[in-house]
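When a residue number appears, it is its place in the shown sequence, counting from 1.
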Amino acid sequence: MLDLTYDTPKPKVIAGATGDWELVIGMEIHAQVSSEAKLFSGASTKFGAEPNANVAFVDAAMPGMLPVINEFCIAQAVRTGLGLKAEINLVSAFDRKNYFYPDLPQGYQISQLYHPIVGEGEVLVELAEGIARLVRIERIHLEQDAGKSIHDMDPHMSFVDLNRTGVALMEIVSRPDIRGPEEAAAYVGKLRQILRYLGTCDGNMQNGNLRADVNVSVCRPGDYEKYQATQDFGHLGTRCEIKNMNSMRFIQAAIEVEARRQIAILEDGGKIDQETRLYDPDKNETRSMRSKEEAHDYRYFPCPDLLPLEIEQGWVDDIAATLPELPDARKARYIADYGLSDYDASVLTAEVENAAYFEEVANASDGKLAANWVINDLFGRLKKDDKALSDSPVSPAQLGGIINLIQKGDISGKIAKDLFEIVYVDGGDPSHIVEERGMKQVTDTGAIEAAVDEVIAANPAQVEKAKQNPKLAGWFVGQVMKATGGKANPKAVNDLVAAKLGL
């Protein structure tokens, strides 16, 4: 378990007509495994293909076709479990979950109910500096995805696209440890971040590669603590599940509106029916889809086409040895090694691409200066131009080159801003640009002193004012920098101005 040094956040309290209520939330995250082939077939998982182009015979449930486990998908699930500090079950098994949808050709889904591949783990969700929630993971099981029904192509018929059928999903089931809408969104964001660092899911929510089922219930203050002590779910109230959420903003809105719906029913003397609901963002409401199914409703039984899955500890250890540095560890290292603030380290580790870019710049220059330039100048300009980091016109080598020129004293901070703009727009090697355009900083004290003398001689009245008020010396510094086209070394100018004015 993690050595927590964070304060425990307070639960989300919602006021009702007869008193306060607390929110209790558990989540089931469906993360599509990053793999070129499906869980039980060799069909492609590429997004955006023509409908029904990525379908093998087993995906379409052709007679006599048998599933064959994709070893890489198993490794990805193990890798995810290790990244979440979870127990890896060396023996697991697949079950058939029986239900009918037009886009589920077999009439059942191959999943894991009784013996999942990954057991208990945890995710530390930082909500603010020094405030975090530890969310326990109950299990991670592998299952195949269903297809997609399309209802808007014809006024009288629906169509079925089986491209997604059989794609490997990891269902990551949390304990009901989340206590508010913001925490729920932060949990999804943190889990997505870890999965992307691990390379086990791309986290692309708009493509449906990361989806959340959100279980919401309300209880009176103190009841959650009773649940913690007894593990009796009866203290938490009846839960409702909001299905297939793929937006963090909508997750927050759906939880808020569902909690208020439940409170209104309870305070009116009614009871909450355990059911599955959907969220309508246009109307900002949740609507009933169906009563919540239990395991027996799906008639689970062991899949007769697949033997129990047995893996060796040595194989698991080999996967563990290849794990990358994860976000929390990398953030702590940035703070310790580069002296970065908690905020700057969080920004730079938020996405694995951010961290990789920063490290390449920092390895060739000063880490703290690199962080300032990456966050403020590069990220700021990319945001202004609505560009992704992958489309950045400035490479890490180019940005590191600009920073090195500052450190060597070849250019000032102001010149560096102009140089960055030139590189951003036109490209090129920063050191060559400085030489070719005569942008090199003037460090010759004789030339700087001549410019200082000239400015002082031309402004005797201002000299007297500066002697009476030393803060006005900055005016002379500005004039000298202007006279030298911003190329004079600012420190040398400041020192000479102070000396000449006797300050």
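A salt bridge links Arg287 with Asp280; the closest basic N to acidic carboxylate O contact falls under 4.0 Å. Salt bridge annotation for Asp145-Arg211: present, with a cationic side-chain nitrogen under 4.0 angstrom from a carboxylate oxygen. Comment: Arg175 engages Glu120 in a salt bridge, judged by a side-chain N to carboxylate O separation of less than 4.0 angstrom. Using a 4.0 Å cut-off between charged nitrogen and carboxylate oxygen, Lys148 and Asp161 do not count as a salt-bridge pair. The pair Arg330-Glu325 counts as a salt bridge, with a side-chain nitrogen and a carboxylate oxygen less than 4.0 angstrom apart. A salt bridge is absent between Asp328 and Lys331; no separation between the charged side-chain nitrogens and carboxylate oxygens falls under 4.0 Å. At a threshold of 4.0 Å, the pair Glu126-Lys190 does not count as salt-bridged, since none of the basic side-chain nitrogens sits closer than that to a carboxylate oxygen. Ion pairing between a basic and an acidic side chain is recognised when a charged N comes within 4.0 Å of a carboxylate O; Arg196 and Asp202 show no such pairing. Arg381 and Asp377 are not joined by a salt bridge, as no carboxylate oxygen comes within less than 4.0 angstrom of a charged side-chain nitrogen. Using a cut-off of 4.0 Å between Lys/Arg side-chain N and Asp/Glu carboxylate O, Glu183 and Arg133 are scored as salt-bridged. Residues Glu258 and Arg277 are paired through a salt bridge, judged by an N-O separation under 4.0 Å between the basic side chain and the carboxylate.
Pairs engaging residues 312-341 under the ring pair (Phe, Tyr, Trp, His ring centres under 6.0 Å) rule: Tyr334-Tyr338, Tyr334-Phe358, Tyr338-Phe358 [sequence neighbours left out].
Between Asp213 and His30 there is a side-chain heavy-atom pair separated by less than 4.5 Å. A 4.5 Å side-chain heavy-atom check between Ser34 and Thr200 finds every atom pair outside the cut-off. You'll find the side chain of Leu309 stays beyond 4.5 Å of the side chain of Val91, heavy atoms only.
Scanning all heavy atoms of the two residues, the minimum distance from Val374 to Val361 falls at CG2-CG2, 4.4 Å. Between Pro67 and Ile110, the shortest heavy-atom distance links the atoms CG-CD1, 4.2 Å. The two residues Arg139 and Gln112 make their nearest non-hydrogen contact at NH2-O, 2.8 Å. Minimum heavy-atom separation, Gly119 to Ala86: O-CB, 3.8 Å. Heavy-atom minimum distance, Gln109 versus Gln144: NE2-O, 2.6 Å. Closest heavy-atom contact between Met170 and Gln76: SD-O, 4.1 Å.
Between Ile29 and the options Leu191, Leu169, Ile140, Ile137, a side-chain contact (heavy atoms from CB on, under 4.5 Å) holds for only Leu191.
A cation-pi geometry, defined here as NZ or CZ lying under 6.0 Å from the six-membered ring centre and within 45° of its normal, holds between Arg96 and Tyr108.
In summary, the side chains of Asn363 and Glu359 do not present any donor paired with an acceptor at a separation below 3.5 Å, with no hydrogens or angles considered. A donor and an acceptor atom, one from each side chain of Arg239 and Asn215, are located under 3.5 Å apart. Thr322 and Arg79 share a donor-acceptor pair across their side chains, judged by distance under 3.5 Å alone. Residues Asn52 and Glu50 have side chains that never bring a donor and an acceptor to within less than 3.5 angstrom of each other. A donor-acceptor contact closer than 3.5 angstrom links the side chains of Ser158 and His151. There is a side-chain donor-acceptor pair under 3.5 Å between Asp59 and Ser41. Thr238 and Gln274 share no side-chain donor-acceptor pair at under 3.5 Å.
The environment of Tyr99 atom OH is dense: over 12 non-hydrogen atoms of other residues, nucleotides or ligands sit within 6.0 angstrom.
Gln398 places a side-chain N or O within donor-acceptor distance of the main-chain N or O of Gly428, the cut-off being under 3.5 Å. A side-chain donor-acceptor contact under 3.5 Å links Asp154 to the backbone of His156. Remark: side-chain polar atoms of Gln262 are paired, donor with acceptor, to backbone N or O of Val216 under 3.5 angstrom.
In this structure, Phe233 and Tyr227 have tilted ring planes: the angle between them lies in the 30° to 60° band. Using cut-offs of 30° and 60° for the angle between ring planes, the Phe250 and Tyr279 rings count as tilted. Ring geometry for Phe420 against Tyr424 counts as tilted: the plane angle lies between 30° and 60°, on a 0 to 90° scale.
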(request) Check the pair Phe94 / Phe40 against ring-ring contact (aromatic ring centres under 6.0 Å, His included), numbers first and verdict last. (result) CA-CA 12 Å; Phe94 287 95; Phe40 299 118; 5.4 Å; yes

